[in-house]
Q: 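Sharing a structure, written as structure tokens. Questions coming.
Residue numbers start at 1 and run along the sequence shown. Below, all heavy atoms of this structure are taken into account, side chains as well, without hydrogens, waters or symmetry copies.
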Amino acid sequence: MKILIIGAGAIGTWLAGLLSLKNRVWILGRKQSFVAINRDGVEINGEFISKPKALVDIRKLNEDPELVIFAVKAYDTKRASNVIASHICNSTSLLTLQNGLGNEESIGEKFGISKVIGGTTTYGITYEAPGRVIHRGYGLTLVGRMDGKITSKLKEVSSVLNRAGIKTKITTNIRREKWLKAIVNAAINPLTALNGCKNGDLLDGGSLENLLESTCIECKGVANAYGIELSRDPLELTKEIVRGTARNYSSMLQSIRAGKRTEIDFINGHFVRVGKELGVSTPINEELVVKIKGMEQRLKL
């Protein structure tokens, strides 16, 4: 399959390395990633994996991809959609494996929601340097259309991911799964970013774990009020993911350490906005948003 990955961060680089073993893969990223990947390829856990074609200018792509994977930060989704618009044809599918809520809708506004495949992944990947990532936690990737239909293209995308060694399952309710994953992210990401700790440190049996639990409960209340029937208990899942990615640094902490803006507005901020619309109190999420934004301001992000 011809695949274009947008974003050469942790997830994007990891995907490019694995998928290019059996597919034609291009990865669109910044100049440093363009240079490193074209020169040295992708390394996962210190081992050379493959050498996808890196791009820094979409105009250098002389073919239309069959699949585009969005691996950029949520605040870059609209910009990325505009950048690749000229290369999207009738047969192109668009998969988002981004954090936060609203990415599918944003992409759908540009290209039509029927072309969009939503996705979540619980794999723990840490960005080390351009073209180099560390895989610290195995997980599961879920993919599905927003209308719940299981199409031949959806099956093909799932198969491509599985053949690359990325454990993937199809769901008929990706919206529910996105909300569930957003609760997980809302609990793990800001707490690790504010405390500069690995995921596993959150299960400390004390104040951090208590705050993790309270955040999950508050987010679950918003989801329930919004009419989302969660497939499982989010607190149980959050702790399961924390244990499975115990040695990993969250994407939000990685962003802070790299001097980059976080996705707090699309994770905890989303729960705050929906809570206000529905009359559900969200004091914990509001405080986490304020603290992360304060950290961003101090770092001038």
Side-chain angles (χ1 to χ4, degrees), residues 1 3-7 11-12 14-15 18-19 23 65-74 77 80-81 84 88 90-125 138-186 219-220 222-224 226-234 236-238 240-241 244 251 263 266-267 270-271 274:
M1 180 178 281
I3 303 171
L4 170 64
I5 297 170
I6 314 171
I11 290 292
W14 172 70
L15 288 168
L18 294 178
L19 287 170
N23 304 276
E66 299 166 85
L67 174 66
V68 174
I69 301 178
F70 283 75
V72 295
K73 298 298 184 183
T77 299
S81 294
I84 65 165
I88 305 304
N90 290 335
S91 60
T92 305
S93 290
L94 305 151
L95 169 64
T96 165
L97 287 173
Q98 301 163 277
N99 285 330
L101 294 165
N103 290 300
E104 289 81 4
E105 290 79 5
S106 177
I107 298 168
E109 286 178 9
K110 181 72 176 181
F111 303 110
I113 198 67
S114 64
K115 296 179 72 63
V116 180
I117 298 173
T120 68
T121 187
T122 56
Y123 279 85
I125 312 297
Y138 286 87
L140 174 66
T141 298
L142 296 173
V143 294
R145 286 169 52 99
M146 300 306 285
D147 60 10
K149 294 179 180 178
I150 299 178
T151 63
S152 58
K153 191 58 181 279
L154 177 59
K155 290 179 180 178
E156 184 182 10
V157 169
S158 177
S159 178
V160 165
L161 292 171
N162 276 303
R163 286 200 302 270
I166 302 165
K167 185 179 178 183
T168 303
K169 292 183 178 180
I170 292 173
T171 175
T172 57
N173 195 336
I174 191 63
R175 191 183 305 278
R176 176 182 63 193
E177 301 305 331
K178 293 289 291 189
W179 272 80
L180 185 59
K181 178 67 186 304
I183 294 175
V184 173
N185 284 335
C219 290
K220 180 181 179 182
V222 174
N224 288 342
Y226 192 70
I228 301 296
E229 296 183 7
L230 300 171
S231 57
R232 60 178 299 187
D233 177 49
E236 177 185 278
L237 176 61
T238 298
E240 180 180 303
I241 290 175
S251 59
E263 297 175 291
F266 298 87
I267 304 175
H270 191 93
F271 286 100
V274 174

Q: Going by heavy atoms in the side chains, are Arg145 and Ser114 under 4.5 Å from each other?
A: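 Result yes, sub-4.5 Å side-chain heavy-atom pair found.
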Q: Should Ile166 and Leu18 count as side-chain neighbours, where that means a heavy-atom distance under 4.5 Å?
A: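 In contact.
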Q: Using 30° and 60° as the class limits, which term best fits the ring planes of Trp179 and His270: parallel, tilted or perpendicular?
A: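 Judged by the thresholds at 30° and 60°, the geometry between Trp179 and His270 is perpendicular.
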Q: Contact between Leu19 and Ile5 at the side-chain level, heavy atoms closer than 4.5 Å - yes or no?
A: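 Yes - at least one pair of side-chain heavy atoms lies under 4.5 Å apart.
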Q: Would you call Ile69 and Thr96 a side-chain contact if the rule is heavy atoms closer than 4.5 Å?
A: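 Not in contact.
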Q: For Ile267 and Gly100, which heavy atoms make the closest approach, and how far apart are they?
A: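 Residues Ile267 and Gly100, closest heavy atoms: CG1-CA, 4.0 Å.
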Q: Could you tell me which non-hydrogen atom of Val143 sits nearest to which non-hydrogen atom of Ser158, and how far apart they are?
A: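 Distance-wise, the nearest heavy atoms are CG2-CB, 4.2 Å.
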Q: Is the shortest side-chain N to carboxylate O distance from Glu240 to Arg232 below 4.0 Å?
A: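 Yes.
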Q: Closest approach of Ile107 and Leu94, non-hydrogen atoms and distance?
A: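 What the structure gives for the nearest pair is CG2-CD1, 3.9 Å.
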Q: When rounded to the nearest 0.5 angstrom, what distance separates OG1 in Thr168 from CG in Asn162?
A: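 Answer rounded to 0.5 Å: 4.5 Å.
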Q: Show your working on side-chain contact (heavy atoms from CB on, under 4.5 Å) between Ile117 and Leu154 and close with a plain yes or no.
A: CA-CA 8 Å; Ile117 298 173; Leu154 177 59; 3.8 Å; yes
Q: Is it true that Ser251 and Asn99 share a donor-acceptor pair across their side chains at a distance under 3.5 Å?
A: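 Side-chain D/A pair, Asn99 to Ser251: present.
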Q: Indicate whether any N or O donor in one side chain lies under 3.5 Å from an N or O acceptor in the other, for Thr77 and Asn103.
A: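 Distance-only check passes for Thr77 and Asn103.
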Q: Testing the basics here: between Ile6 and Ala80, what is the closest heavy-atom pair and its distance to 0.1 Å?
A: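 Heavy atoms only, the tightest pair is CG2-CB, 4.0 Å.
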Q: Yes or no on side-chain contact (heavy atoms from CB on, under 4.5 Å) for Thr141 and Tyr123, after CA distance, side-chain angles and deciding distance?
A: CA-CA 8 Å; Thr141 298; Tyr123 279 85; 3.8 Å; yes
Q: Will you find, in the side chains of Ser231 and Glu177, an N or O donor that is under 3.5 Å from an N or O acceptor?
A: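 Present: a donor and an acceptor within the cut-off.
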Q: Got a donor-acceptor contact below 3.5 angstrom from the Glu263 side chain to the Ala74 backbone?
A: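 A pair under 3.5 Å: yes.
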Q: Decide yes or no for Val116 and Phe111: does some side-chain heavy atom of the first lie under 4.5 Å from some side-chain heavy atom of the second?
A: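 They are not in contact (no side-chain heavy atoms under 4.5 Å apart), so the answer is no.
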Q: NZ of Lys181 to OG1 of Thr121: how many Å apart, nearest 0.5 Å?
A: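 Result: 6.5 Å between the selected atoms.
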Q: Checking Leu230 against Ile183 for the side-chain contact (heavy atoms from CB on, under 4.5 Å) test, could you report, in this order, the C-alpha distance in whole Å, the side-chain angles of both residues, the deciding distance, and whether it holds?
A: CA-CA 10 Å; Leu230 300 171; Ile183 294 175; 3.9 Å; yes
Q: To the nearest 0.5 Å, how far apart are CD1 in Ile3 and CG in Asn23?
A: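 So the gap between those two atoms works out to 4.0 Å.
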Q: Assess the residue pair Thr238 and Glu236 against the criterion (side-chain contact (heavy atoms from CB on, under 4.5 Å)); give the C-alpha distance rounded to whole Å, side-chain angles, the decisive distance to 0.1 Å, and a yes or no.
A: CA-CA 6 Å; Thr238 298; Glu236 177 185 278; over 6 Å; no
Q: Does the side chain of Ile150 come within less than 4.5 Å of Thr172's, by heavy atoms?
A: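 A side-chain contact under 4.5 Å exists here.
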Q: Can a donor-acceptor pair be found, under 3.5 Å and without considering hydrogens, that links the side chain of Ser93 to the backbone of Lys115?
A: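 Flag not set: sc Ser93 to bb Lys115 has no pair under 3.5 Å.
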Q: Can you measure from CG (Leu180) to OG1 (Thr120) and round to the nearest 0.5 angstrom?
A: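 With rounding to 0.5 Å, CG (Leu180) is 8.0 Å from OG1 (Thr120).
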Q: Using a strict cut-off of less than 4.0 Å between a Lys/Arg side-chain nitrogen and an Asp/Glu carboxylate oxygen, indicate whether Glu104 and Lys178 qualify as a salt bridge.
A: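 Looking at Glu104 and Lys178, the cut-off is met.
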Q: How long is the span from the CD1 atom in Ile88 to the CD1 atom in Ile84, to the nearest 0.5 Å?
A: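 Reported to 0.5 Å precision, the distance equals 4.0 Å.
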Q: Examine distances only and state if a side-chain atom of Glu66 and a backbone atom of Ser91 form a donor-acceptor pair shorter than 3.5 Å.
A: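 Between the backbone of Ser91 and the side chain of Glu66 there is no qualifying donor-acceptor contact (under 3.5 Å).
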Q: Please name the pair of heavy atoms, one in Ala186 and one in Phe271, separated by the smallest distance, quoted to 0.1 Å.
A: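 Shortest heavy-atom contact: CB-CE1, 4.1 Å.
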Q: Is there side-chain contact between Leu95 and Val68, with at least one heavy-atom pair below 4.5 Å?
A: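 They are not in side-chain contact.
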Q: Heavy atoms, side chains only, cut-off 4.5 Å: are Ile174 and Met146 in contact?
A: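 When only atoms from C-beta onward are counted, Met146 and Ile174 do touch, with a gap below 4.5 Å.
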Q: As an exercise, state the distance from CZ of Phe266 to CD of Gln98, rounded to the nearest 0.5 Å.
A: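 Separation between the atoms: 9.5 Å.
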